[in-house]
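A quick write-up on the structure given underneath.
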Amino acid sequence: MTSSIRIFIGEPSSIDPAQGFEHDGALVLRFLADPLIDFTPDTGEPRPAAAASWEVDSGGKRVLFRLRRDVRFHHGRAVTAEDYVYSLTRVVRPETGSKLAYNLAMVEGYEAVLAGRSDTLSGVRALAPDLLEVRLTEPFHEIAAVFGHRVTAPVPAELIEADPEDFRVRPVSTGPYRIAEPWREGTGLVLERFDGYYGNNAAYPDGGGGHVDRIDLAVYDEVDEGYADWQRGALQITKVPPAQLGDAFRFGERFRRTPCALMQYIGFPTRVAPFDDPRVRRAVAMSVDRQHIIDEIFHGTRPIADRVLPPAIARGDGGDDLIDIEYSPRRARELLAEAGVGTDLEFDFCFNAGLGHDAWVTLALDQISAALGWRFRLTPLPWPEFLRWLRRADSLFRMTWVIDYPSPDNFLYPLFHSESIHHDNFTGFSSAEFDLLIQRARSTADPAGRAKLYRAAEEVVCSALPLLPLWFGVQYHLVDLDRFDIDGPPVDLFGEPALRLYRPRPSSAG
């Protein structure tokens with residue numbers, strides 16, 4: 001009997017491995033594409049996936065991947081090292097327009113391909129059908145983790161070149177599931193288990209093949225609609241809107257509250273007055289009673305963010321408060337006066353609509369208004385429009401950062417490095433000291449020494465405060481535990497349902 005699971009999802013921007021940069025596209029790609037390495041769902045430890053092994057050289061400028069010989073694309077062809085040469089180059093090519101290309105910026109030949117001067121990344125070579133070499137322009141001892149990102153998963157050149165539009169709606173890669181029907185925006189996606197999956201992904205206890213025959217990804221515009229459908233039995237997994245957290249406790253163990261490597265923040269446009277003044281940014285930060293918001297909106301279930309890196313990424317370097325922000329409206333007004341900024345001002349505050357942010361955003365802005373006298377125009381935007389606005393952010397905004405791969409670099413570089421401006425550095429923050437610390441961390445082979453340098457870079461950011469970390473991630477889901485046994489955490493370190501671990505009970509298949 002065929003088993004299936006139906007889960008909540010927002011509309012993806014893309015389901016192509018080269019393009020799936022946001023939350024929902026990334027969720028789909030967890031099942032469609034296996035990268036060279038993968039991460040355990042509970043702790044994020046790197047494990048061999050499509051690569052049987054890898055080795056980073058002592059200088060940190062070269063990584064060698066030994067590929068498994070039994071990995072196949074969904075249309076049946078065996079994957080070779082040449083497929084990675086094509087696929088990684090494709091990510092960087094300007095005509096692809098990938099928002100994830102920066103992940104490969106340290107690979108030799110990146111600038112030449114991005115500028116259209118070369119057709120192939122010179123630093124990616126197939127030394128043999130099962131041996132892939134990647135050379136870097138600068139040392140980066142955490143480079144292997146980058147190849148756990150789905151953007152680095154292989155895709156078949158022959159299908160893309162023959163019909164790129166068909167590939168956009170029916171992408172082919174190496175994951176345990178494949179597209180059952182072409183994707184049509186607004187109608188969701190159906191994935192079916194791929195019988196040719198190699199089944200040796202070491203991040204999962206049984207090889208990662210998955211036990212459910214069919215995954216039905218139902219697209220919703222509003223989380224509240226999914227919450228209602230779960231209660232009617234129309235979904236087996238859904239997110240829980242913040243306004244319903246109190247109600248969700250009545251579902252007992254089916255209400256899952258999972259810490260994840262996520263950080264919610266209020267962003268400042270650091271190149272726009274008055275937010276170009278660190279005193280103004282700190283004044284705003286001291287006007288927000290983060291713990292009150294957590295208690296009032298999230299029933300006390302989220303840990304306050306006293307730094308940028310979540311505990312799972314900070315690598316045990318202590319629980320120090322690197323931000324050192326106390327809620328003090330009096331001191332906030334003093335800082336504003338020191339900066340010569342008035343109180344009778346009005347600003348926009350932008351955020352993405354439909355995901356339950358309204359309540360906490362309103363409470364936070366009420367606090368700032370009470371402390372500083374400012375007025376705000378709430379500007380909720382549809383997700384695609386919000387993403388476009390972020391590229392030119394000129395007012396306060398809310399945003400979340402979730403890891404693409406478990407490394408401090410994946411938090412610090414995208415959010416704060418000067419080369420990430422116009423990518424994920426939406427605040428426009430730039431610091432020569434920070435950039436140098438990131439460079440030194442990347443070139444340090446010793447893990448302990450590297451961790452110290454990443455912490456020093458984080459301290460620079462926490463002092464400058466281009467954004468206010470609010471709280472670390474807790475994802476809220478309702479899971480139908482009556483239909484499934486789960487061989488591990490129901491939700492992984494990335495805050496996504498770990499569906500490969502879901503095992504249908506015999507009586508519930510259908």
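Residue numbers run from 1 in the order of the sequence given. Keep in mind the model is a prediction, meaning the values are calculated, not measured.
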For this session: State whether the number of non-hydrogen atoms from other residues, nucleotides or ligands found under 6.0 Å of E346 atom CD is greater than 12.
Result: yes
Exercise. So does E111 pair up with R117, basic N to acidic O under 4.0 Å?
Worked result: no
Exercise. Is it true that the side chains of Q475 and T258 contain a donor and an acceptor less than 3.5 Å apart?
Worked result: no
Problem set entry | Aromatic ring proximity, centroids under 6.0 angstrom, F351 and F397 | no
Exercise. Roughly how far, to the nearest 0.5 Å, is the CZ atom of R281 from the CG atom of L335?
Worked result: 12.0 Å
For this session: With the side chain counted from C-beta on, respond yes when W360 and I294 share a heavy-atom pair under 4.5 Å apart, and no when they do not.
Result: no
Exercise. In terms of the angle between their ring planes, are W389 and F386 parallel, tilted or perpendicular, with boundaries placed at 30° and 60°?
Worked result: parallel
Exercise. Do the side chain of R256 and the main chain of Y476 share a donor and acceptor less than 3.5 angstrom apart?
Worked result: no
For this session: Sort out for me which residue in H477, R30, H23 forms a side-chain hydrogen bond (donor to acceptor under 3.5 Å, both in side chains) with E496.
Result: H23
Problem set entry | Heavy-atom side-chain contact between P17 and V151 under 4.5 Å | no
Problem set entry | From CA spacing to verdict: side-chain contact (heavy atoms from CB on, under 4.5 Å), V107, L136 | CA-CA 4 Å; V107 176; L136 311 180; 4.1 Å; yes
Problem set entry | Exercise: identify the closest heavy-atom pair between V280 and A339 | CG2-CB, 3.8 Å
Exercise. Have D435 and Q439 got a donor and an acceptor in their side chains that come within less than 3.5 Å?
Worked result: no
Exercise. How far does CG of L363 sit from CG of D358, to the nearest 0.5 angstrom?
Worked result: 12.5 Å
Exercise. So, S420 side chain and F416 main chain: donor-acceptor pair closer than 3.5 Å or not?
Worked result: no
For this session: Mark yes or no for whether R62, through its side chain, and R135, through its backbone, hold a donor-acceptor pair below 3.5 Å.
Result: no
For this session: Would you check if R500 and D38 make a side-chain contact, meaning some heavy-atom pair closer than 4.5 Å?
Result: yes
Problem set entry | Single hit among R150, R90, K99, R168 for salt bridge (charged side-chain N to carboxylate O under 4.0 Å, His left out) with D16 | R90
Exercise. Are I293 and L470 close enough that some pair of their side-chain heavy atoms sits under 4.5 Å apart?
Worked result: no
Exercise. Do D34 side-chain atoms and A50 backbone N/O form a donor-acceptor pair below 3.5 Å?
Worked result: no
Exercise. Within a strict 4.5 Å, meaning less than it, do heavy atoms of the D57 and V63 side chains meet?
Worked result: no
Exercise. Taking T120 for the side chain and S122 for the main chain, is one N or O donor matched with an acceptor at less than 3.5 Å?
Worked result: no
Exercise. Could you walk me through whether D247 and Y227 pass the side-chain contact (heavy atoms from CB on, under 4.5 Å) check?
Worked result: CA-CA 11 Å; D247 177 70; Y227 186 73; 2.4 Å; yes
For this session: Return the orientation label for the F347 and F376 ring planes: parallel under 30°, perpendicular over 60°, tilted otherwise.
Result: tilted
Problem set entry | Atom of A457, atom of F434 and distance for their closest heavy-atom approach | O-CD1, 3.4 Å
Exercise. Is any side-chain heavy atom of D24 less than 4.5 Å from a side-chain heavy atom of V219?
Worked result: no
Problem set entry | Whether over 12 other heavy atoms sit under 6.0 Å from R279 CZ | yes
For this session: Dump the intermediate steps for ring-ring contact (aromatic ring centres under 6.0 Å, His included) on Y405 and F39, then the final yes or no.
Result: CA-CA 8 Å; Y405 49 87; F39 306 103; 7.3 Å; no
Exercise. Between the side chains of H292 and Q367, does any donor sit under 3.5 Å from an acceptor?
Worked result: no
Exercise. Counting only N and O atoms by type, is there a donor-acceptor contact under 3.5 Å from the side chain of H299 to the main-chain atoms of T301?
Worked result: no
Seminar exercise, completed: Closest non-hydrogen atoms of V240 and V223, given as atom of the first, atom of the second and distance, are C-CG1, 4.0 Å
For this session: Check whether any side-chain heavy atom of T96 sits under 4.5 Å from a side-chain heavy atom of V92, and report yes or no.
Result: no
Exercise. Hey, mind stepping through D276 and R271 against salt bridge (Lys or Arg N to Asp or Glu O under 4.0 Å) and telling me if it holds?
Worked result: CA-CA 5 Å; D276 55 346; R271 301 187 176 196; over 6 Å; no
Seminar exercise, completed: Rounding to 0.5 Å, atoms CG (L378) and CG (L381) come to a distance of 10.5 Å
Problem set entry | More than 12 heavy atoms of other groups within 6.0 Å of H422 NE2 | no
Problem set entry | Six-ring centre of Y413, R442 cation under 6.0 angstrom, axis tolerance 45° | yes
For this session: For T270 and P466, indicate whether the former's side chain and the latter's backbone hold a donor-acceptor pair under 3.5 Å.
Result: no
Exercise. What do the steps show when you test L372 against V284 for side-chain contact (heavy atoms from CB on, under 4.5 Å), and what is the final call?
Worked result: CA-CA 8 Å; L372 303 182; V284 174; 4.2 Å; yes
Exercise. What class does the angle between the rings of F8 and Y220 fall in, given that below 30° is parallel, 30 to 60° is tilted and above 60° is perpendicular?
Worked result: parallel
For this session: Verify whether one side chain among Q264 and T400 offers a donor that lies under 3.5 Å from an acceptor in the other.
Result: yes
Exercise. Are any side-chain N or O atoms of S407 and backbone N or O atoms of D409, one a donor and one an acceptor, separated by less than 3.5 Å?
Worked result: yes
Problem set entry | K61/E138 ion pair, N-O < 4.0 Å | no
Exercise. Do you know the tightest heavy-atom contact between D424 and L415?
Worked result: O-CD2, 3.9 Å
Problem set entry | Heavy-atom pair of closest approach, residues S98 and V91 | CB-O, 3.4 Å
For this session: Give, for atom CG of L412 and atom CD of E458, the distance between the pair rounded to the nearest 0.5 Å.
Result: 6.0 Å
Problem set entry | Nearest-0.5 Å distance that lies between atom CZ in F268 and atom OG1 in T427 | 10.0 Å
Exercise. Charged N to carboxylate O under 4.0 angstrom, E334 versus R331?
Worked result: yes
Exercise. Does G342 offer a backbone N or O that forms a donor-acceptor pair with the side chain of W374 under 3.5 Å?
Worked result: yes
For this session: Indicate the atoms forming the closest heavy-atom contact of R307 with C462, along with that distance.
Result: CA-SG, 4.2 Å
Problem set entry | Backbone N/O of F429 and side chain of N425: donor-acceptor pair under 3.5 Å | yes
Problem set entry | Residue pair D306 / F472, side-chain heavy-atom distance below 4.5 Å | yes
For this session: Begin with the C-alpha distance, continue with both residues' side-chain angles, and end with the deciding distance and a verdict on side-chain contact (heavy atoms from CB on, under 4.5 Å) for F411 and M263.
Result: CA-CA 9 Å; F411 254 80; M263 184 266 293; 3.8 Å; yes
Problem set entry | Electrostatic pair R375-D344, nearest N-O below 4.0 angstrom | yes
Exercise. Can a cation-pi geometry be assigned to R302 and F298, taking NZ or CZ under 6.0 Å from the six-membered ring centre and within 45° of the ring axis?
Worked result: yes
